[in-house]
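Inspection log for the structure reproduced underneath, given as structure tokens.
Values below: all heavy atoms of this structure, side chains included; hydrogens, waters and symmetry mates excluded. Throughout, protein chains are lettered first and strands after them, A, B, ... in sequence-line order, and every chain is numbered starting at 1.
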Amino acid sequence: MSLSFWKPGTVGPGSTLDRVTENDSAVISAPPQDNRERLPIFKHRQKLLYCVENHGVTIVVGQTGCGKTTQLPQFLYQAGWADSGHVIACTQPRRVAATSVAARVAAEIGTTLGEEVGYTIRFEDLDEVHERSVHTDLLLGILKKIRRKRPELRLIGRMYPVQIAYSDEPVPNFVEKAAQVAWNTHLQGGSGDILIFLPGRDDIEMCLEELVGALPASAPRMELVPLYAGLSTDEQLRAFSAPEKGKRKVVVSTNIAEASVTIEGIRYVIDCGLVKIRVYNPSTMISSLVVVPASKASVAQRAGRAGRTSNGVCYRLFTKDTFDSLPASTPPEISRTDLTSIILQLKALGIDDLMKFEWISSPPAETIVKAYDTLRTSGLITDHNTLTPIGSKIAECPLEYNIAKMLFASKDFSCGEEILTIAAMVSIQDVFIIPGGAPGALAELERRKFTAEEGVTYNAFIRYGQSLSWCKAHALSFRAMSRAVSIRSQLKKYMHRFELPIKSCEGDAKRLRQCLVSGYWRHSAKWQPDGTYLSVHGNKIMHVHPTSVLFTRKPKSGWVLFHDVEETKQLQIRILTEIEPEWLLDYGYQYTLKY
DNA sequence: CTCTCATCA
């Protein structure tokens, strides 16, 4: 998250900019005398901003373009909130937003960017804090430490009415039912496109098949479009372009269409009422992807997608009783994730007693205990839970702790060059684009060419001039690869800062793999004759993810390291490297403690 | 035989 701010000062005391919610709604804590209902505080371009007092926090609401972000800070500035050394701060979720907002406000008040108005990026944010990310929770927790307030989320925006229709009975087969409802809606005529919400890619493809099967040649035509994050940019854009004349667009989507993007022209929403989320189990230290009932907030948001341009209809494929039983909101990410790196960062900020830290929602105690254990066995904190020297260094590195440790260990193995590349490559996700259908098999072959050795894909991308067409030809994501290049150059700066040599192992893969053991010794597994692996920690049966080169091959030594594990239908391990088992003793637990 | 969705340094 990023921050734009007005010098000098902060908002406060007695008037702290506390929180901004989803889609641009600002939340500001203000002096108690503002304790009035819906007090219009400002008018900009014919649109009003309102203040709503709630639990001692003033929430500023208003529709898109009303000036919450650009006008309100100026208003507060004029009202003297930035007097006597205080700053008015405004957070943005992306750096482009932070820089452009700061530039615009600077221009509006007629000053040079960097004087009264400036911006900063990283870790000190406040205005647009999007719904319940880990950083939102941390930020709010830190704010709470300063001011004992409890904000509550409010959302207001321009909407057309959406009629909600519930199913009379529970729907056992939601994919089939979604296709049916879409088809019936389509046949009823009338204008407007259809948006279907399903939990995952599999469901989406099945639903599309159902619809294709239902299409008689003579029927009014539909344009069927899938939408999920795994698609390439071009494929995703199809969902946003207007359908061919005389056709109705049917977008079948994951949660990607729920909040982050808006599709114009949608008049009908079909909601299965389910969502796929990641859940972390601290006792096994494994994350799972599970389908769970969506929250009330979530299904409301989905329904709202039908009312962006005109009156709409939302068909819910669940009963009213089911709706009533839904949780108000999805459990926040902070309660569903591994906290090892987060706790390391908090320690570096001087926040030591995590059991007493005022979380907005407390993560499970076991997750915290487990994170401490991991930090201890990694040599990042002492037995008294204080940072070790290496711990404080690694806390500064924007990396998973095991990868960061590997960067430090690369000194011993003279392979800094290669480790940098590996660190960058494993830090990105969705490197490979997996198209469905016939081109899929070809793409599969193409990308296996590039995963044979660590860093091969990366080096080839550089060699071919970081070209978009090269990526397309090899089923690689240009976005992801470009990000890897930028991450690598960032990490290189950290290597310099910590005076770590950037040497190449000159093709000595053995040394490189030994270095990998120093970071990843926890993630080792032994090959079994049926092609699965047995994890050393936890003795669990694990399946190789089909994108791995070792998917069908047995490693000669019978032992591997894996980058990560995730439970879907079964435990899947990804990004594998063959190792010799004795290295686990030589370069594992004891070895890394010496740092 | 596979992937909910976002971020950042």
Side-chain angles (χ1 to χ4, degrees), chain A residues 1-3 22 91-98 120-125 128-139 197-205 226-231 236 253-261 272 274-279 287-292 294 298 301 330 332-333 336-337 341-342 345 348 394-400 403-404 423-424 427-436 440-441 443-444 447-448 477 480 483 486-494 497 531-532 543-548 551-552 564 566-574:
Chain A
M1 288 187 295
S2 314
L3 175 73
E22 211 175 44
T91 64
Q92 294 295 319
R94 287 153 230 240
R95 53 183 302 159
V96 276
T120 181
I121 290 172
R122 179 166 202 190
F123 225 62
E124 307 99 309
D125 2 344
E128 179 153 281
V129 179
H130 275 240
E131 193 183 19
R132 308 313 298 273
S133 72
V134 169
H135 290 286
T136 313
D137 276 54
L138 287 184
L139 175 63
F197 282 103
L198 295 176
R201 183 194 153 165
D202 255 14
D203 311 296
I204 289 171
E205 279 169 6
L227 179 63
Y228 48 89
L231 294 170
Q236 285 186 7
S253 173
T254 58
N255 247 10
I256 191 169
E258 183 182 296
S260 55
V261 290
C272 71
L274 300 168
V275 65
K276 202 176 268 192
I277 59 170
R278 185 188 301 279
V279 177
S287 299
S288 311
L289 277 180
V290 291
V291 175
V292 298
S298 178
Q301 180 79 6
T330 311
E333 195 197 354
R336 299 184 276 116
T337 188
S341 297
I342 302 291
Q345 280 175 19
I394 285 182
E396 288 179 48
C397 298
L399 273 177
E400 282 175 49
I403 303 176
S427 302
I428 54 175
Q429 61 208 14
D430 302 322
V431 186
F432 300 113
I433 291 166
I434 307 168
E444 180 72 34
R447 70 169 186 276
R448 291 216 178 165
S477 159
R483 221 176 107 65
S486 119
I487 289 176
R488 194 182 185 281
S489 72
Q490 292 295 335
L491 295 180
K492 205 168 177 173
K493 289 181 194 153
Y494 284 92
R497 168 145 37 119
T532 63
H543 298 255
V544 182
H545 197 275
T547 51
S548 170
F551 180 56
T552 48
D564 67 344
E566 186 173 75
E567 185 176 25
T568 48
K569 284 165 204 152
Q570 48 202 199
L571 285 181
Q572 307 268 9
I573 48 179
R574 261 181 305 216

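Taking atom CD on Glu396(A) and atom C1' on dC8(B), their separation rounds to 16 Å, with Å as the unit. Arg483(A) places its CZ atom 9 Å from the P atom of dA9(B), with the value rounded to the nearest Å. Between Ile428(A) atom CD1 and dA6(B) atom P there is a gap of 16 Å when expressed in whole angstrom units. Taking atom CZ of residue Phe197(A) and atom P of nucleotide dC5(B), one finds them 12 Å apart after rounding to whole Å. Rounded to whole angstrom, the span from the CG atom of Leu227(A) across to the C1' atom of dA6(B) amounts to 14 Å. Atom C1' of nucleotide dC8(B) and atom CG of Leu491(A) are separated by 12 Å, given to the nearest angstrom. As a whole-Å value, the separation of Leu198(A) CG from dT4(B) P is 11 Å. The distance from atom CD of Glu258(A) to atom C1' of dC5(B) is 10 Å, rounded to the nearest whole Å.
Across dT4(B), dC5(B), dC1(B), the shortest atom-to-atom separation from the side chain of Ile256(A) is found for dC5(B). The side chain of Pro398(A) has dA9(B) as its nearest neighbour among dT4(B), dA9(B), dC5(B). If you check dC5(B), dT4(B), dT2(B) against the side chain of Tyr228(A), the one that comes closest is dC5(B). Of the candidates dA9(B), dT2(B), dT4(B), dT2(B) carries the atom nearest the His545(A) side chain, counting heavy atoms from C-beta on. Of the candidates dT2(B), dC1(B), dT4(B), the closest approach to any side-chain atom of Gln572(A) belongs to dT2(B). In the set dC5(B), dT4(B), dT2(B), the nucleotide with an atom closest to the side chain of Arg201(A) is dT4(B).
With DNA chain B read from its 5' end, the first of the two nearest nucleotides for Thr568(A) and Gln490(A) is the one closest to Thr568(A).
Using a 4.0 Å heavy-atom distance criterion, Arg336(A) is classed as making no nucleic acid contact.
Residue Phe197(A) comes nearest to Cys272(A) through the heavy atom pair O-SG, 3.2 Å, listed as atom of the first residue, atom of the second, then distance.
Ion pairing between a basic and an acidic side chain is recognised when a charged N comes within 4.0 Å of a carboxylate O; Asp202(A) and Lys569(A) show such pairing.
Shown here are the salt bridge (charged side-chain N to carboxylate O under 4.0 Å, His left out) partners of Arg336(A), two or more places apart in sequence or in another chain: there are none. By the salt bridge (charged side-chain N to carboxylate O under 4.0 Å, His left out) test, Arg483(A) pairs with no residue at all, sequence neighbours left out.
When side chains are defined from C-beta on, Ile573(A) does not count as touching Leu571(A), because their heavy atoms never get closer than 4.5 Å.
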